[in-house]
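Quick notes on the structure that follows.
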Amino acid sequence: MSVRPALAHAIEVRDLTVAYEEKPVLWDLDVDVRSGALTAIIGPNGAGKSTLLKAILGLVPRVAGSVSIFGKPLSEDRGKVGYVPQRSSVDWDFPADALDVVLMGMYGRLGWLRRPGRTEREKALECLEEVGMRELAQRQIGRLSGGQQQRVFLARALAQDARLYMMDEPFAGVDAVTEQAVVETLRKLRDRGKTVVVVHHDLGSAPEYFDEAILLNVRLVASGPIDEVFTPENLHKTYGAGARFLVAP
Amino acid sequence: MTWTEVFTDYTLRNVALGSAILGVVSGVLGTFAVLRRQGLAGDALAHAALPGICLAYLATGSKAAPVLMLGAALAGWVGMVILIGFLRRTRVDPGSALAIVLTTFFGFGVVLLTVVQKRPDAGQAGLDKFLFGQAAALVQDQVVLMAGLSVVVLVLIAALFKEFKVFVFDVDYARTLGLPTGRLGALLTALLVIAIVIGLNTVGVVLMSAMLVAPAAAARQWTESLGRMILLAAGFGATAGIFGALWSVSQDHTPTGPAIVLILSLLVVVSLLFGSSRGWVWERVRRHRQSGVGA
Amino acid sequence: MSGALAIALVAIVAGASCGLAGVFLVLRRLAMMSDAISHAILPGLVAGYFFARGPNLIAAFLGATAAGVLTVFLVETIVRMRRLKEDAAIGLVFPALFAIGVLLVSRYFANVHLDTDAVLYGEIALAPFDTWNVAGRNLGPQSLWVLAGLGLLNAGFLYLFFKELKLSTFDPGLAEILGFRPGLLHYSFMTIIAMTTVGAFSAVGAILAVALIVIPAVTASFWTTRLPVVIVLSIGIGAFAGLLGYGAATAIDVSISGAIATTLGLLVGGSALFAPRTGFVAQALLRRRQRWAFAATALVIHLAHHRGTDAEVEESRLDHLQAELGWSSDEVNRIVRESEEAGWTIREGDRLVLTETGARAAAGRLVADRA
């Protein structure tokens with residue numbers, strides 16, 4: 001069990017068990033996410049990476065265990081967590097342009113009845129600028145490439161101005177430009193003191209992009225600074241015998 | 001007939017106003033229904049209203065519009081709950097679930113209709129007319145009721161616009177923002193049921209699905225903004241309502257409901273082909289040019 | 001043939017024929033297409049009347065079937081333009097066709113009795129009056145022959161193209177590659193569906209036609225997953241509902257079509273609630289059982305996790321479990337009982353101790369679930 005002071009943890013997961021009717025499942029997970037770090041959740045397909053993310057966000061029911069975010073249960077202040085879902089989770093045919101989607105990031109802060117005004121639009125445009133998408137602000141989201149759509153999601157997360165970001169596979173199926181934009185955004189967020197947790201599936205790039213890692217396969221295999229966690233033994237435990245093919249020499 | 005008669009002729013005014021109100025409300029709620037892929041739910045819920053109308057009459061003995069509308073709305077709501085139950089708790093596909101709710105409720109309603117007709121006071125039957133639209137018989141009280149309901153619907157949509165928008169676009173994200181997504185969904189469904197009940201009275205059960213789907217489908221071809229799509233859909237709905245009413249009143253043997261629906265269908269065809277945003281013709285032209293350049 | 005017998009027979013044969021037709025329609029997730037067809041055939045009936053210059057069974061049948069196929073074609077064309085989703089396309093096409101039908105009826109046939117409301121209700125009670133007479137001999141109700149013929153047509157089509165239909169339903173891509181021309185097969189199938197709908201519609205009304213086509217197949221699929229059994233059950237359920245609905249309607253003197261649709265609804269509702277394994281109750285019980293089983297497994301995995309560590313004593317105390325695992329004291333009692341019955345844990349004072357069986361269960365579960 002961790003001996004670090006509680007305040008240093010953005011997320012504390014205790015004895016978390018999540019079980020759907022079928023897989024994927026998580027068993028008795030204890031894990032802490034260090035505040036102000038970039039953390040990757042890593043594991044093979046079906047290991048429960050997205051499930052962990054959603055369980056932390058309260059989007060899937062728990063069988064047992066507890067999650068606290070900055071020392072409090074999630075329900076106390078939901079807007080403080082910025083969620084970047086998988087790209088496949090929404091209907092891109094929806095009548096909205098990039099700017100509309102980014103503005104959604106500020107809906108929580110605006111509260112009931114208030115509409116986004118000029119201040120919000122300017123802020124949203126700045127966020128699009130940060131991910132190199134300002135000139136595409138007026139484009140319908142379905143007419144953006146996969147990478148551009150991902151960057152719109154990132155801009156929305158920036159606009160939300162949360163303390164903690166949870167991102168589900170932001171690198172999946174994107175072009176090199178977007179990959180670079182995502183990495184830069186992650187670093188920028190860290191430099192502003194934010195905590196970022198990312199579901200990631202590329203072992204090769206993980207040590208370069210992230211400070212910490214959570215290795216997962218149904219249960220926790222290891223967590224901590226990525227250099228300490230990425231040992232051949234841990235990777236073998238996570239991926240089985242296939243691990244050596246996954247890490248480029 | 002002249003334009004001014006719309007404002008002076010009692011029948012014409014009621015029909016045109018009633019149809020326009022329905023056009024606006026169903027355009028607005030139809031937009032959300034189409035985006036939630038519930039285009040056919042309107043059809044199922046409209047049919048599901050029949051037993052509610054019959055039970056409301058059997059319980060109260062009254063044929064007053066508000067009583068029957070309340071019965072219709074409650075039955076529609078129960079139908080929706082059963083529909084959602086099928087979708088969440090069984091492996092029945094959405095189309096089959098809709099067909100089950102639609103036919104069972106309507107069939108039970110037909111049974112109840114025969115029960116109503118057997119009652120000694122059956123002279124005042126004809127409940128089914130409530131279901132098949134009687135725009136031409138709209139009276140002022142009904143139009144006032146419709147207007148009142150639609151104001152409630154529109155005010156709620158305007159007040160919760162951004163919440164509904166993010167809810168329809170991405171439920172999970174809306175939940176992480178702290179929005180009560182369960183209640184938002186239930187409210188949107190309740191508003192849809194109100195629109196349907198207004199429509200039953202005017203265009204009838206079969207044509208109701210077009211009243212919901214067509215304005216939204218046409219509007220979608222002209223814009224990429226949800227706000228503008230809603231305004232356009234309301235505009236299309238109102239236009240079709242007014243012109244359908246004029247058409248039907250000015251010509252013999254032209255029922256209002258089908259007249260409105262045909263105008264709406266025409267709007268959809270034109271929009272699908274020539275809509276400024278997604279028109280099919282423009283895309284063909286673009287592709288043709290591109291292939292011309294390539295060759 | 002007596003009137004009552006004729007009506008009962010029409011109800012049973014309609015149920016059996018539609019029940020058979022509906023199996024692949026439901027499997028192909030096209031149930032609402034039958035609803036669309038049942039409404040859209042109105043202009044087809046009018047066209048048939050127009051071309052034959054009067055009421056003519058064959059012309060009406062051809063016109064209505066053509067309108068049904070047109071409905072399918074229009075919906076699929078709109079979907080293929082990729083501007084609207086399928087539900088919206090269906091919701092547009094059939095009201096438009098129905099509106100054209102109503103308008104034509106009220107304009108040109110105002111004096112002919114073609115009540116558009118009755119089109120929806122249907123009145124099977126009229127079946128005995130419309131008899132088929134050949135060379136002066138009364139062969140019984142016309143609709144009985146039509147429905148029986150449609151049943152045979154459906155059976156013949158299924159018999160000839162069973163494997164092609166099955167393949168193109170479950171894997172259209174593969175069917176295409178193997179050269180089965182799923183498009184042609186699809187339109188042939190939908191033509192037969194349109195004909196069945198038209199036939200049932202003229203005997204029992206639009207809404208009951210849809211109920212008879214969709215509901216038996218859905219009901220059957222709650223009770224078995226084997227396709228041949230689904231087909232046989234679906235036919236049987238359709239016929240049974242026809243008979244039962246007819247009996248109930250005559251007993252309490254209400255609409256027969258309505259009573260049959262209600263019976264079908266009760267059958268599918270009952271199956272959805274009570275079918276073993278797939279029913280709502282069975283599923284809810286299973287979920288509850290699984291929840292406790294998962295929780296008990298979570299408990300032993302938790303204990304195994306801390307076994308032999310410094311924190312073991314602390315982590316295995318009952319009150320600690322309650323706090324850390326987020327369970328209420330009732331839940332803890334239930335879960336502990338569950339794991340004690342499985343022989344996974346024993347109680348020592350205020351602590352829980354893992355047995356060897358429990359440790360093996362925990363380790364086994366973790367290995368089994370690994371990705």
Side-chain angles (χ1 to χ4, degrees), chain B residues 34 37-43 47 82 85-86 89-100 102-115 118 128 132 205-214 216-217 220-221 253-255 257-259 261-262 264-265 268 272 275 278 280, chain C residues 26 29-35 39 78 81 83-85 87-92 94-96 98-103 106-108 110 116-117 120-121 207-208 210-211 213-215 217-218 221-222 249 253-255 257-266 268-269 272 278-280 283-284:
Chain B
V34 165
R37 305 202 185 175
Q38 292 182 341
L40 287 172
D43 189 39
H47 283 83
I82 293 179
F86 265 107
R89 295 292 181 205
T90 72
R91 279 184 228 151
V92 175
D93 71 279
S96 299
L98 283 165
I100 290 168
L102 186 161
T103 57
T104 304
F105 272 68
F106 196 79
F108 182 54
V110 172
V111 168
L112 290 176
L113 268 185
T114 46
V115 172
K118 274 192 302 183
D128 49 340
F132 291 103
V205 61
V206 179
L207 301 177
M208 193 53 220
S209 92
M211 289 306 296
L212 288 170
V213 173
R220 183 68 188 88
Q221 314 309 319
H253 305 305
T254 311
V261 168
L262 282 183
L264 276 176
S265 305
V268 171
L272 282 173
R278 292 152 59 103
W280 186 76
Chain C
V26 166
R29 301 180 161 244
L30 292 170
M32 279 308 274
M33 208 62 117
S34 71
D35 180 54
H39 289 94
I78 292 178
M81 282 170 78
R83 295 295 180 275
L84 296 171
K85 309 258 162 31
D87 65 308
I90 294 177
L92 282 171
F94 82 82
F98 188 79
I100 292 174
V102 174
L103 218 55
S106 47
R107 288 222 149 176
Y108 305 111
T116 46
D117 303 357
L120 293 186
Y121 298 159
I207 299 298
L208 181 55
V210 178
I213 289 174
V214 176
I215 297 185
V218 176
S221 65
F222 275 107
D253 189 21
V254 291
S255 157
S257 288
I260 297 174
T262 309
T263 308
L264 284 164
L266 292 175
V268 72
T278 52
F280 174 80
Q283 289 280 316

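Note that the coordinates shown come from a computational prediction; the quantities given were computed from them, not determined experimentally.
Taking CG of L92(C) as the reference point, atom CG of L272(B) lies at 7.5 Å (rounded to 0.5 Å). Of the inter-residue distances, the one linking R278(B) atom CZ with M81(C) atom CE reads 10.5 Å to the nearest 0.5 angstrom. In this structure, the separation between OG on S209(B) and NE2 on H39(C) is 9.0 Å, given to the nearest 0.5 Å. In this structure, the separation between CG on L40(B) and NZ on K85(C) is 13.5 Å, given to the nearest 0.5 Å.
Among all heavy-atom pairs drawn from V102(C) and P258(B), the shortest one is CG1-CG, 3.6 Å. Of all non-hydrogen atoms in V254(C) and K118(B), the two that sit nearest each other are CG1-NZ, 4.4 Å. Closest heavy-atom contact between L84(C) and A217(B): CD2-CB, 3.6 Å. Heavy atoms only, all atoms of each residue included: R107(C) and H253(B) are closest at CG-O, 3.4 Å. In terms of heavy atoms, L103(C) sits closest to P255(B) at CD1-CD, 3.6 Å. Residues A272(C) and T90(B) approach most closely at CB-CG2, 4.4 Å, considering heavy atoms.
Between V261(B) and F98(C), the closest side-chain pair of non-hydrogen atoms is not below 4.5 Å. Here the side chains of I100(B) and V218(C) are in contact, with some heavy-atom distance below 4.5 Å.
Residue contact with chain B, scored on non-hydrogen atoms closer than 4.5 Å, involves the backbone and the side chain of V26(C) alike. Using a 4.5 Å cut-off between heavy atoms, V210(C) contacts chain B through both its backbone and its side chain. In this structure, no portion of F105(B) lies under 4.5 Å from any heavy atom of chain C.
Of the listed residues (L102(B), V34(B), V115(B)), the one with the most heavy-atom contacts under 4.5 Å to chain C is L102(B). By number of non-hydrogen pairs under 4.5 angstrom with chain B, the leading residue of A99(C), S34(C), A31(C) is A99(C). Contact count versus chain C (heavy atoms, under 4.5 Å) is highest, among A214(B), A210(B), G85(B), A259(B), for A210(B).
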Assess the residue pair T103(B) and L208(C) against the criterion (side chain to side chain contact (heavy atoms under 4.5 Å, CB included)); give the C-alpha distance rounded to whole Å, side-chain angles, the decisive distance to 0.1 Å, and a yes or no.
CA-CA 7 Å; T103(B) 57; L208(C) 181 55; over 6 Å; no
Would L262(B) and I100(C) satisfy side chain to side chain contact (heavy atoms under 4.5 Å, CB included), going step by step from the backbone distance to the final call?
CA-CA 7 Å; L262(B) 282 183; I100(C) 292 174; 3.5 Å; yes
Verdict with reasoning, Q221(B) to R83(C), per side chain to side chain contact (heavy atoms under 4.5 Å, CB included)
CA-CA 8 Å; Q221(B) 314 309 319; R83(C) 295 295 180 275; 3.4 Å; yes
Step by step, would you call T104(B) with L264(C) a side chain to side chain contact (heavy atoms under 4.5 Å, CB included)?
CA-CA 7 Å; T104(B) 304; L264(C) 284 164; 5.8 Å; no
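Looking only at distances, no side-chain donor or acceptor of D35(C) sits under 3.5 Å from a matching main-chain atom of A99(B).
Looking only at atom types and distance, the side chain of S96(B) has no donor-acceptor partner in the side chain of R29(C) under 3.5 Å away.
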